[in-house]
Asks: 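Take a look at the following structure, please.
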Protein chains: 2
Amino acid sequence: MSLPHAILTALLEKPSSGLELTRRFDKSIGYFWSATHQQIYRELGRLEADGLIRALPTAQPARGQKKSYEVLPAGRAELAGWTAAARDPKPQRDVLLLRLRAAAVVGTAGLEADLRRHLELHRRQLAEYQEIEKRDFPPDRDTPQDRLRHLVLRAGIDLETFWTGWLTGALAEFAELPEEERAGD
Amino acid sequence: MSLPHAILTALLEKPSSGLELTRRFDKSIGYFWSATHQQIYRELGRLEADGLIRALPTAQPARGQKKSYEVLPAGRAELAGWTAAARDPKPQRDVLLLRLRAAAVVGTAGLEADLRRHLELHRRQLAEYQEIEKRDFPPDRDTPQDRLRHLVLRAGIDLETFWTGWLTGALAEFAELPEEERAGD
DNA sequence: ACCGGTTGTGCAACTAGTTGCACAACCAGG
DNA sequence: CCTGGTTGTGCAACTAGTTGCACAACCGGT
């Protein structure tokens with residue numbers, strides 16, 4: 001039940017249409033909660049039906065026309081409640097680690113190349129985050145909102161840093177494995 | 001499509017019954033791929049129907065009786081193929097970061113306590129991993145399988161280390177926020 | 001005026017994981 | 001012996017996210 005709250009957060013930051021939300025999910029919000037435009041439209045419909053948001057009256061709601069939404073007080077209350085509610089961390093689930101464990105049994109053939117690819121992807125993502133940090137969080141601007149958002153970005157940066165480091169180490173380990181192991185047994 | 005492959009890996013390491021698998025998922029495997037017993041039984045049924053595993057002939061298959069499975073050659077081949085196949089990292093999705101972002105808009109009331117709780121949980125998990133590392137990976141034992149499994153455990157340890165560090169920093173940041181901000185707006 | 005790409009919105013079907021419950025066998029204690 | 005907890009297996013319904021497709025409007029060039 002997180003997507004509706006991600007949308008509420010985004011709409012509170014700035015009222016938007018479905019497509020605008022989609023774009024924003026592809027950027028900042030999607031960095032820790034991705035969603036496709038189909039999900040977003042469906043959820044907008046539900047949120048409107050539930051009375052948590054409403055279409056801005058200025059736009060005419062014809063098909064193929066932009067329709068912007070804003071959050072109603074009930075929506076803000078719902079979001080505040082959701083944010084404050086205690087919630088257990090979701091159980092860990094990482095395919096790459098699972099594949100590595102499988103590789104310990106069936107051999108590492110083919111896996112190494114994909115590890116390299118992942119390393120490259122994480123490097124790129126890390127660079128992008130660092131770019132954003134430099135642009136959006138200069139040392140002087142320092143409102144509470146900024147500090148909280150910066151904290152979120154730092155998590156992204158640190159996680160990508162972790163993955164690039166770990167993948168580098170994993171590849172080094174692979175390089176030292178005996179040949180027959182790498183081919184699979 | 002990862003659960004069946006997690007099960008294949010586990011069964012290759014050691015043929016097991018549904019309940020034994022469940023226990024192993026609660027321990028080592030569950031550290032990066034958790035599953036309930038219901039999921040596991042369902043998946044065992046499918047894997048057997050697909051001819052990737054079979055019930056060990058020694059056990060009689062009565063209800064309430066242990067029924068152990070072993071991996072067939074087709075299963076091993078499937079797993080090897082799956083392990084080697086390139087696969088994009090799944091899009092990031094973290095509720096806690098989303099809540100923090102929401103808190104930047106609706107206020108941090110209530111969130112801080114849960115952050116503390118998460119910190120405690122991650123500390124515990126980290127300690128548990130470090131215990132496992134000390135027990136299962138002494139410096140001398142050093143087969144290729146060990147090294148790969150150790151790599152997986154290192155990822156777990158480093159991730160928990162990251163979270164404890166990040167949460168500590170986040171809580172420090174919270175402590176510095178002005179009072180009216182923390183109450184919510 | 002017509003055509004093809006882009007913008008914007010949306011439905012429907014599918015997949016994977018979660019939750020709730022059921023039920024047989026076995027084992028210990030009254 | 002029978003009762004109540006534990007072990008072991010499993011079905012069914014639900015939830016959330018993904019994939020594939022459709023279709024209207026608008027905009028540029030020909």
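Numbers restart at 1 for each chain; the letters A, B, ... are given by sequence-line order, proteins then strands.
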Asks: The test is side-chain hydrogen bond (donor to acceptor under 3.5 Å, both in side chains); show your working for B:Tyr31 and B:Gln125 and say whether it passes.
Replies: CA-CA 10 Å; B:Tyr31 290 150; B:Gln125 188 66 62; 4.6 Å; no

Asks: To the nearest angstrom, how far is A:Leu47 atom CG from D:dA16 atom P?
Replies: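 From A:Leu47 CG to D:dA16 P: 12 Å.
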
Asks: Does OP1 or OP2 of C:dT18 have a side-chain N or O of B:Gln39 closer than 4.0 Å?
Replies: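 Yes, because at least one side-chain N or O of B:Gln39 sits under 4.0 Å from OP1 or OP2 of C:dT18.
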
Asks: Determine whether B:Glu133 and B:His150 satisfy the following criterion, side-chain hydrogen bond (donor to acceptor under 3.5 Å, both in side chains), listing intermediate values before the conclusion.
Replies: CA-CA 8 Å; B:Glu133 184 176 40; B:His150 195 175; 2.8 Å; yes

Asks: Please report the distance, rounded to the nearest Å, between CE in B:Met1 and P in C:dT15.
Replies: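 In whole Å, C:dT15 P lies 10 Å from B:Met1 CE.
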
Asks: Would the base of C:dT18 count as contacting B:Arg42 through its side chain, where contact means a donor and an acceptor less than 3.5 Å apart?
Replies: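 For B:Arg42, whose side chain was compared with the base of C:dT18, there is a donor-acceptor pair (under 3.5 Å).
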
Asks: Let me know the distance between CG of B:Leu98 and P of D:dA16, rounded to the nearest Å.
Replies: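 Interatomic distance, CG of B:Leu98 to P of D:dA16: 14 Å.
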
Asks: Of all the choices, D:dT9, C:dT7, C:dG17, which nucleotide is nearest to the side chain of B:Ser17 once you look at every atom?
Replies: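 Closest of the options to the side chain of B:Ser17: D:dT9.
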
Asks: Please report the distance, rounded to the nearest Å, between CG in A:Asp94 and C1' in C:dA16.
Replies: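 About 17 Å, once rounded to whole Å.
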
Asks: State, yes or no, whether a side-chain contact exists between A:Trp163 and A:His118 at a heavy-atom distance under 4.5 Å.
Replies: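 They are not in contact (no side-chain heavy atoms under 4.5 Å apart), so the answer is no.
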
Asks: Do any N or O atoms from the side chain of A:Thr22 and from the backbone of A:Glu20 form a donor-acceptor pair under 3.5 angstrom?
Replies: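 Side chain of A:Thr22 to backbone of A:Glu20, a donor-acceptor pair under 3.5 Å: no, none is there.
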
Asks: Among D:dG17, D:dC21, C:dT7, which is the nearest nucleotide to the side chain of A:Arg23?
Replies: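 Closest of the options to the side chain of A:Arg23: C:dT7.
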
Asks: Of the nucleotides C:dG10, C:dC21, D:dT9, which has the atom closest to the B:Gln38 side chain?
Replies: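 It is C:dC21.
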
Asks: So that I can tick it off, tell me whether A:Asp114 and A:Arg117 are bridged by a salt bridge, with the cut-off set at under 4.0 angstrom between side-chain N and carboxylate O.
Replies: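 Salt bridge present between A:Arg117 and A:Asp114.
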
Asks: Take B:Leu19 and B:Pro91, find for each the nucleotide of DNA chain D with the closest heavy atom, and name the residue whose nucleotide sits nearer the 5' end.
Replies: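 With B:Leu19 and B:Pro91 compared, the 5'-side residue is B:Leu19.
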
Asks: Among the candidates C:dT18, D:dC11, C:dG10, find the nucleotide nearest to the side-chain atoms of A:Lys67.
Replies: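 Taking heavy atoms from C-beta onward, the closest nucleotide is C:dG10.
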
Asks: Rounding to an integer number of Å, can you tell me how far A:Leu44 CG sits from C:dG8 P?
Replies: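 Between P of C:dG8 and CG of A:Leu44: 14 Å.
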
Asks: As a test of reading the structure: which of C:dG10, D:dT9, D:dG8 is closest to the side chain of A:Tyr41, going by heavy atoms?
Replies: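 Given the options C:dG10, D:dT9, D:dG8, the side chain of A:Tyr41 is closest to C:dG10.
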
Asks: What contact category does B:Thr36 fall into here, base, sugar-phosphate, or nothing, at under 4.0 angstrom with non-hydrogen atoms?
Replies: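 The answer is base, as B:Thr36 lies within the cut-off (heavy atoms under 4.0 Å) of a base atom.
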
Asks: What integer distance in Å separates A:Glu20:CD from C:dT6:P?
Replies: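 The distance from CD of A:Glu20 to P of C:dT6 comes to 20 Å, rounded to the nearest Å.
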
Asks: How many Å lie between NE2 on B:His37 and P on D:dC11, as a whole number?
Replies: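 Spelled out: NE2 on B:His37 to P on D:dC11 is 12 Å.
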
Asks: Starting at atom CD of B:Glu43, determine the distance to atom P of C:dG17, rounded to an integer number of angstrom.
Replies: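 After rounding, the gap between these two atoms is 8 Å.
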
Asks: Reckon B:Arg93 has a side-chain N or O less than 4.0 Å from the OP1 or OP2 of D:dT18?
Replies: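 Answer is yes, contact under 4.0 Å.
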
